[in-house]
Amino acid sequence: MTMLRTPAIVLTASVAVLIALPGRPLGATQGKAPPASTEISRQLALRYYNEMWARLDPNAADALVATDVVGHVDGRTLTGVATLKARVKQIARMYAPTRFTVDAVVAEGDHAVVRWTQHGTHTGVAFGAGTKGKAITVTGMNMFRIANGRIAELWVNADDLGERAQLGLAQR
Amino acid sequence: MTQATPESVARRYFDEIWNRGDHRAIENLVAPNVIGHVNGTTLHGRETLKERLAALHALYATPRFAIEEILTDRTRVLVRWSFRGTHAGPYRGLAPSGRTIAVTGMNLFRIDDNQIAELWVNADDLGELEQLGGTVKGQ
């Protein structure tokens, strides 16, 4: 499915809130650890936003996300450290200024969910000059599964269609 | 019937309302002045829910929501779900294709007095539109 898409779809705001992979080669996944506590899950989910997306700092992923993380993003499955870091950078290029707010956190055991909103002004990158200067507000939710103190798996659903509509690329 | 919990209300929301298409279940499970935040739009009241339910069942034969994960945090419940349905009705001028459409999403519910008082929905509308045969610029 991904192969059929041109690059633009890979660069949407929702995909921004995607995978993260640390550069460290070993460590997070050996052995079997007990499930994370609710509070650990909640804190990691918050740090994913506050330290990586709020600052648009791809390297923050190193401390938060497992090397072999798997992302399920609007029906697609993505893996790999390079993917996420590239996306953080790409979103920073596509939307400037942009900011993410955390609207709610729900946590239970080794899972946590963040409901978030992105506000941004499009730079014209990726969707063409016609989108330059257009302001967007996009909502989404991320679910995280925590293992060994890191985000091991995540699921993302975001308002991609609303984003395109606000950019003048679709009708909703 | 066993005592209702936030989780049981959320499960019945999918099973009874969306899968069975039972409008009466809306009266039981959803507060009259419910507020819905659905992919960036705000909806008020049970009637809007009934309209959306009717639209879904007009568009899809045998629509089916499966609960993939459910989290409970006091009065809030998060459901990560997957949907499958057969495209059997017109949509934005697109003829029924007979295709099986698969969509993922998440619902966050705020439960008050055993009813859904507020909900937030993010679902893959763009992927759904593409599967139904629609096109969006910028791809």
Side-chain angles (χ1 to χ4, degrees), chain A residues 1 4-12 14 17 38 41-42 72-76 103-117 122 126-128 130-131 136-145 153 155-172, chain B residues 5-7 10 35-43 65 67-84 91-94 99-111 118-132 134-139:
Chain A
M1 187 169 182
L4 299 175
R5 295 164 185 267
T6 57
I9 190 145
V10 180
L11 307 175
T12 64
S14 67
V17 189
T38 296
S41 301
R42 187 191 312 276
H72 310 273
V73 183
D74 283 323
R76 300 181 295 280
D103 303 318
V105 185
V106 174
E108 183 185 7
D110 61 354
H111 283 73
V113 169
V114 169
R115 184 168 64 74
W116 52 264
T117 303
H122 206 269
F127 288 136
T131 59
I136 57 114
T137 299
V138 175
T139 63
M141 295 188 220
N142 279 32
M143 173 178 279
F144 303 95
R145 183 176 63 80
E153 193 168 8
W155 293 260
V156 182
N157 280 111
D159 186 15
D160 290 356
L161 185 56
E163 178 193 20
R164 303 305 173 84
Q166 291 172 76
L167 293 173
L169 302 171
Q171 286 189 311
R172 73 167 322 156
Chain B
T5 63
E7 178 175 334
I35 301 172
H37 311 272
V38 182
N39 276 337
T41 60
T42 305
L43 305 170
F65 287 86
I67 293 177
E68 303 288 347
E69 192 79 51
I70 188 160
L71 309 183
T72 304
D73 189 338
R74 294 181 294 263
T75 62
R76 295 176 302 161
V77 182
L78 187 292
V79 174
R80 182 170 62 78
W81 50 262
S82 62
F83 168 85
R84 281 182 183 275
Y91 181 75
R92 295 185 177 195
L94 303 169
R99 282 193 289 251
T100 298
I101 309 297
V103 182
T104 63
M106 296 187 218
N107 280 29
L108 176 62
F109 300 99
R110 182 171 62 78
I111 310 291
E118 192 165 11
L119 72 159
W120 292 261
V121 182
N122 278 109
D124 185 15
D125 283 7
L126 180 57
E128 181 185 20
L129 180 61
E130 289 170 343
Q131 292 174 69
L132 290 169
T135 54
V136 173
K137 291 183 212 168
Q139 295 183 46

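Naming convention: chains lettered A, B, ... in sequence-line order (proteins, then strands); numbering from 1 in each chain.
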Checklist outcome for this item: Note: vs chain B, highest number of non-hydrogen pairs under 4.5 angstrom among A:A170, A:G168, A:G140 is A:G140
Next on the checklist: Please check if the number of heavy atoms outside B:R99 that lie under 6.0 Å from its CZ is greater than 12.
Outcome noted: yes
Checklist entry - Roughly how far, to the nearest 0.5 Å, is the CE atom of B:M106 from the CE atom of A:M143? => result 6.0 Å
Item to check | Distance (rounded to the nearest 0.5 Å) between A:D160 CG and B:E130 CD | outcome: 9.0 Å
Next on the checklist: If I take atom CG from residue B:L126 and atom CG from residue A:D74, how far apart are they, to the nearest 0.5 angstrom?
Outcome noted: 7.5 Å
Checklist entry - What is the minimum heavy-atom distance between A:M141 and B:L78, and which atoms define it? => result SD-CD2, 3.9 Å
Checklist entry - At a heavy-atom separation under 4.5 Å, does A:A165 approach chain B through its side chain, its backbone, both, or neither? => result neither
Checklist outcome for this item: Here the pair of heavy atoms bringing B:G40 nearest to A:T139 is N-OG1, 3.8 Å
Item to check | Atom pair CH2/CG of B:W120 and A:D103 - distance to nearest 0.5 Å | outcome: 9.5 Å
Next on the checklist: Please classify the contact of B:V77 with chain A as side chain, backbone, both or neither, using a heavy-atom distance under 4.5 Å.
Outcome noted: neither
Checklist entry - Is there a donor-acceptor pair under 3.5 Å between the side chain of A:E108 and the backbone N or O of B:D73? => result no
Checklist outcome for this item: Closest non-hydrogen contact found for B:N122 with A:D159 is ND2-N, 3.9 Å
Checklist entry - Quick one: CZ on B:R76 to CZ on A:R115, what's the gap to the nearest 0.5 Å? => result 8.5 Å
Checklist entry - What part of A:R145 lies closer than 4.5 angstrom to a heavy atom of chain B: side chain, backbone, both or neither? => result neither
Checklist outcome for this item: Interface check, chain A: of B:L71, B:T41, B:T72, B:V103, most non-hydrogen pairs under 4.5 Å belong to B:L71
Item to check | Interface residue of largest heavy-atom contact number with chain A, from B:T104, B:N39, B:L108, under 4.5 Å | outcome: B:N39
Item to check | Under 3.5 Å: donor-acceptor pair, side chain of B:R80, backbone of A:N142 | outcome: no
